Amino acid sequence: MHTELLKSALQELNPDIGEVEWLAIKDSLTARTLKRKDHLFQEGEVQQYIGFINQGLIREFFIDQDGDENTVWFFQERSFVTDYSSFLHNKPTKNTFKCLEETE
């Protein structure tokens, strides 16, 4: 698992993350590689984790009452990805997160 980008991103958010903290975080990580058109999260799911993109691109969108897809955001390399409201409040997301290319 490539973790250097994540370590760097976390240390930018909190420079006090040292080697001891990093090792504790690193032990809880799970790596996934998703193919183009795979979903990281889908509408109706409760977000149980926050993703981090080492490489790839993910589009977040929702489907409106007319059945049209509406883009909310694009997540690229070095991005944290989740529906934070769903993650924090343990409620189903209204959005779908779809890989636009192979994503790790």
Side-chain angles (χ1 to χ4, degrees):
M1 173 184 339
H2 303 285
T3 58
E4 290 307 310
L5 283 177
L6 175 58
K7 182 179 180 181
S8 173
L10 288 173
Q11 287 176 326
E12 284 178 22
L13 292 172
N14 183 350
D16 293 330
I17 294 175
E19 203 57 33
V20 171
E21 292 83 8
W22 169 244
L23 290 174
I25 293 167
K26 185 177 178 182
D27 286 344
S28 67
L29 300 176
T30 302
R32 292 178 60 193
T33 300
L34 302 171
K35 297 177 184 169
R36 183 176 180 268
K37 296 187 179 182
D38 281 353
H39 294 104
L40 177 61
F41 305 118
Q42 290 186 314
E43 176 185 1
E45 294 178 342
V46 175
Q47 308 304 283
Q48 299 295 320
Y49 58 90
I50 297 173
F52 180 80
I53 301 174
N54 277 320
Q55 66 179 50
L57 183 64
I58 293 178
R59 174 180 167 242
E60 177 185 4
F61 65 92
F62 67 93
I63 299 174
D64 65 20
Q65 60 200 23
D66 297 325
D68 296 323
E69 291 184 359
N70 295 272
T71 298
V72 175
W73 199 257
F74 291 98
F75 297 90
Q76 59 189 357
E77 295 172 1
R78 273 187 68 102
S79 294
F80 293 94
V81 55
T82 197
D83 178 332
Y84 288 103
S85 180
S86 172
F87 179 75
L88 294 174
H89 301 291
N90 202 35
K91 294 186 177 181
T93 182
K94 296 178 182 174
N95 300 339
T96 297
F97 296 74
K98 187 175 184 178
C99 297
L100 298 180
E101 59 189 35
E102 186 173 297
T103 301
E104 177 187 305

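Note that this is a predicted model, so its numbers are computed, not measured. Just so you know, residue 1 is the first one in the sequence shown, and it goes up from there. When reading the values below, keep in mind they use all heavy atoms of this one structure, side chains included, and skip hydrogens, waters and symmetry mates.
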State which residues pass side-chain contact (heavy atoms from CB on, under 4.5 Å) with Ile50; sequence neighbours excluded, sorted by chain then number.
Phe80, Thr82, Tyr84, Phe87
Could you work out, with side-chain contact (heavy atoms from CB on, under 4.5 Å) as the rule, every residue matching Phe62, not counting sequence neighbours?
Asp64, Asn70, Val72, Asn95
Between Glu21 (side chain) and Gly18 (backbone), is there a donor-acceptor pair under 3.5 Å?
yes
Donor-acceptor pair, distance only, cut-off 3.5 Å: does the side chain of Ser79 make one with the backbone of Ile53?
no
Note, [X] side chain near [Y] side chain (heavy atom, < 4.5 Å):
X: Trp22; Y: Leu10; value: yes
X: Lys35; Y: Thr103; value: no
X: Leu29; Y: Leu6; value: yes
X: Ile58; Y: Lys98; value: no
X: Phe74; Y: Val81; value: no
X: Lys94; Y: Ser86; value: no
X: Thr33; Y: Glu102; value: yes
X: Arg59; Y: Thr71; value: yes

What's the verdict on side-chain contact (heavy atoms from CB on, under 4.5 Å) for Thr93 and Gln42, showing C-alpha distance, side-chain angles and the deciding distance?
CA-CA 7 Å; Thr93 182; Gln42 290 186 314; over 6 Å; no
Is there a chain of hydrophobic side chains (I, L, V, M, F, W, Y, each step under 4.5 Å between heavy atoms) that links Tyr49 to Leu34?
yes
Do Ile17 and Val20 share a hydrophobic cluster (ILVMFWY, side-chain heavy atoms under 4.5 Å, transitive)?
no
Please name the pair of heavy atoms, one in Glu45 and one in Leu40, separated by the smallest distance, quoted to 0.1 Å.
OE1-O, 4.4 Å
How close do Thr3 and Lys26 get, heavy atom to heavy atom, and via which atoms?
OG1-CE, 4.0 Å
Inspect the surroundings of CD in Gln76 and state if more than 12 heavy atoms from other residues, nucleotides or ligands are less than 6.0 Å away.
no
Are Glu12 and Arg78 close enough, and set up right, to give a side-chain contact (heavy atoms from CB on, under 4.5 Å), and what steps lead you there?
CA-CA 11 Å; Glu12 284 178 22; Arg78 273 187 68 102; 2.6 Å; yes
Apply ring-ring contact (aromatic ring centres under 6.0 Å, His included) to Phe75 and Phe52, showing your working.
CA-CA 9 Å; Phe75 297 90; Phe52 180 80; over 10 Å; no
Side chains of Gln47 and Asp83: any donor to acceptor distance under 3.5 Å?
no
Test of understanding: with side-chain hydrogen bond (donor to acceptor under 3.5 Å, both in side chains), list the residues that count as partners of His89, not counting sequence neighbours.
none
I'd like to know if Glu101 and Lys37 make a salt bridge, using a cut-off of under 4.0 Å between side-chain N and carboxylate O.
no
